Amino acid sequence: MKKPVRSFYYWWQIFNREEIKKLDKVINKNFITTTDAPAAGVTKTSTVKFVKWKSIKTIMAPVLDVIHYANMMNFGFHLYPPRDDKTLNYNIYEKGGEYDFHEDGITYNNPVSDFKFTCILNLTLDPIEGGDFYLAHRKIEEIAQPGRILLFPSFRCHASKPVTKGIRKTLSLWMDGPKFV
């Protein structure tokens, strides 16, 4: 009998509060200037800053281990290692900040993507209200705690609902591999 494929994977506590503070400090010292490219036709009201993989790859080593383990156990995608020039999104959702349902890396002009996984690391240390994360219209509470990571195939529809109190911070990394054809 074949093992069922999971639609998402999460890791309970990849970073503790002190490690999140350290990562946040390194990220904030290494922002780069580039342009956000949100999904077309959807509402996105978060602030996005950017950091290169090279600046944080040492701290993010446990994340990469989790990604490869989750892939091996649940998905079986062929993944490329992140290049030093890979850009990650540091997302800041203040009151009213949201990102409507969308898929990552797939556009009308490019329906074939090389994105395999979307990886979202919760860096929110202070309590918030709202800002719930949904994957295919299912509320994913597993990502609500600081230091947790959520991994799912990038072609899965997902959204961040509006924050009503506080500030939600996440770091997004997309793992790519050969294009789906």
Side-chain angles (χ1 to χ4, degrees), residues 1-15 23 26-27 30-44 46 48-91 99-123 133-140 142-143 147-160 169-181:
M1 183 160 89
K2 196 171 184 180
K3 180 178 150 184
V5 175
R6 294 176 66 164
S7 60
F8 70 94
Y9 189 87
Y10 65 92
W11 201 262
W12 281 106
Q13 190 72 38
I14 198 157
F15 294 122
L23 176 58
V26 172
I27 290 170
N30 288 286
F31 285 134
I32 62 162
T33 302
T34 191
T35 305
D36 191 22
V42 299
T43 300
K44 183 177 184 183
S46 63
V48 182
K49 297 182 178 184
F50 306 93
V51 64
K52 292 288 186 188
W53 176 255
K54 180 180 182 178
S55 303
I56 60 172
K57 70 180 179 180
T58 302
I59 298 170
M60 293 287 285
V63 170
L64 204 53
D65 287 345
V66 166
I67 290 168
H68 289 296
Y69 179 79
N71 183 51
M72 177 183 68
M73 297 304 291
N74 298 287
F75 301 102
F77 295 139
H78 179 86
L79 300 177
Y80 298 144
R83 293 169 37 114
D84 281 351
D85 64 347
K86 184 174 207 50
T87 302
L88 287 74
N89 285 20
Y90 182 79
N91 308 291
Y99 194 1
D100 250 345
F101 279 98
H102 64 284
E103 298 167 336
D104 292 334
I106 299 171
T107 65
Y108 178 75
N109 294 333
N110 182 23
V112 180
S113 175
D114 55 353
F115 283 14
K116 301 296 184 256
F117 274 130
T118 297
C119 312
I120 300 173
L121 176 60
N122 185 353
L123 300 176
F133 186 84
Y134 283 79
L135 183 59
H137 301 287
R138 176 178 176 241
K139 183 177 174 181
I140 306 296
E142 291 85 351
I143 190 66
R148 291 189 181 171
I149 188 168
L150 178 68
L151 312 161
F152 56 91
S154 297
F155 53 80
R156 298 286 313 274
C157 195
H158 57 282
S160 292
K169 296 178 185 178
T170 63
L171 184 67
S172 298
L173 164 66
W174 296 273
M175 296 297 293
D176 45 9
K179 290 189 182 304
F180 291 123
V181 291

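Since this is a predicted model, take the numbers as computed values, not measurements.
Using a 4.5 Å cut-off on side-chain heavy atoms (C-beta onward), Ser154 and Glu103 make no contact. When side chains are defined from C-beta on, Leu88 does not count as touching Tyr90, because their heavy atoms never get closer than 4.5 Å. Leu171 has its side chain out of reach of Val63: every pair of non-hydrogen atoms, C-beta onward, lies at least 4.5 Å apart. A heavy-atom distance below 4.5 Å is not found between the side chains of Asn71 and Tyr9.
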Any chance you could lay out the side-chain contact (heavy atoms from CB on, under 4.5 Å) test for His158 and Ile140, step after step, and finish with the verdict?
-> CA-CA 10 Å; His158 57 282; Ile140 306 296; over 6 Å; no
Step by step, work out the side-chain contact (heavy atoms from CB on, under 4.5 Å) result for Leu123 and Ile27.
-> CA-CA 11 Å; Leu123 300 176; Ile27 290 170; 4.2 Å; yes
Stepwise side-chain contact (heavy atoms from CB on, under 4.5 Å) check, Ile56 with Asn30 = CA-CA 9 Å; Ile56 60 172; Asn30 288 286; 5.6 Å; no
Tell me, with the steps shown, if Phe50 and Asp36 meet side-chain contact (heavy atoms from CB on, under 4.5 Å).
-> CA-CA 9 Å; Phe50 306 93; Asp36 191 22; 3.7 Å; yes
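By the neighbour-count criterion of 12 heavy atoms within 6.0 Å, atom CZ of Phe31 is densely surrounded, having more than that number from other residues, nucleotides or ligands. The environment of NZ in Lys86 is crowded: more than 12 heavy-atom neighbours from other residues, nucleotides or ligands sit within 6.0 Å.
Note on ring orientation: taking the six-membered ring where Trp is involved, the planes of His102 and Tyr99 are parallel (angle under 30°, cut-offs 30° and 60°). The aromatic rings of Phe77 and Phe155 lie perpendicular to each other, with more than 60° between the two planes, well past the 30° mark.
Separating the CD1 atom in Ile67 from the CG atom in Leu79 is a distance of 8.0 Å, to the nearest 0.5 Å. Atom CH2 of Trp53 is separated from atom CG of Asp85 by 12.5 Å, given to the nearest 0.5 angstrom. How far CZ of Phe133 is from CD of Glu142: 11.0 Å, rounded to the nearest 0.5 Å. Atom CD1 of residue Ile32 and atom OG of residue Ser55 lie 8.0 Å apart, to the nearest 0.5 angstrom. Rounding to the nearest 0.5 Å gives a distance of 9.0 Å between CG of Leu173 and CG of Leu151. Distance check, rounded to the nearest 0.5 Å: CG of Asp114 to CG of Asp176 gives 5.0 Å.
Residue Arg156 comes nearest to Leu135 through the heavy atom pair CB-CD1, 3.7 Å, listed as atom of the first residue, atom of the second, then distance. Shown here for Tyr134 and His137, the closest heavy-atom pair between the two residues is CD2-C, 3.8 Å. Nearest heavy-atom pair, Phe101 versus Val42, reported as atom, atom and distance to 0.1 Å: O-CG1, 3.2 Å. The nearest pair of heavy atoms linking Ile149 to Cys119 is CD1-CB, 4.3 Å.
Asp104 and Thr118 are linked by a side-chain donor-acceptor pair at a separation below 3.5 angstrom, with hydrogens and angles left out of the test.
Ring to ring, Phe75 and Phe117 are close: their centroids are under 6.0 angstrom apart.
Shown here are the side-chain hydrogen bond (donor to acceptor under 3.5 Å, both in side chains) partners of Thr87, two or more places apart in sequence or in another chain: Lys52.
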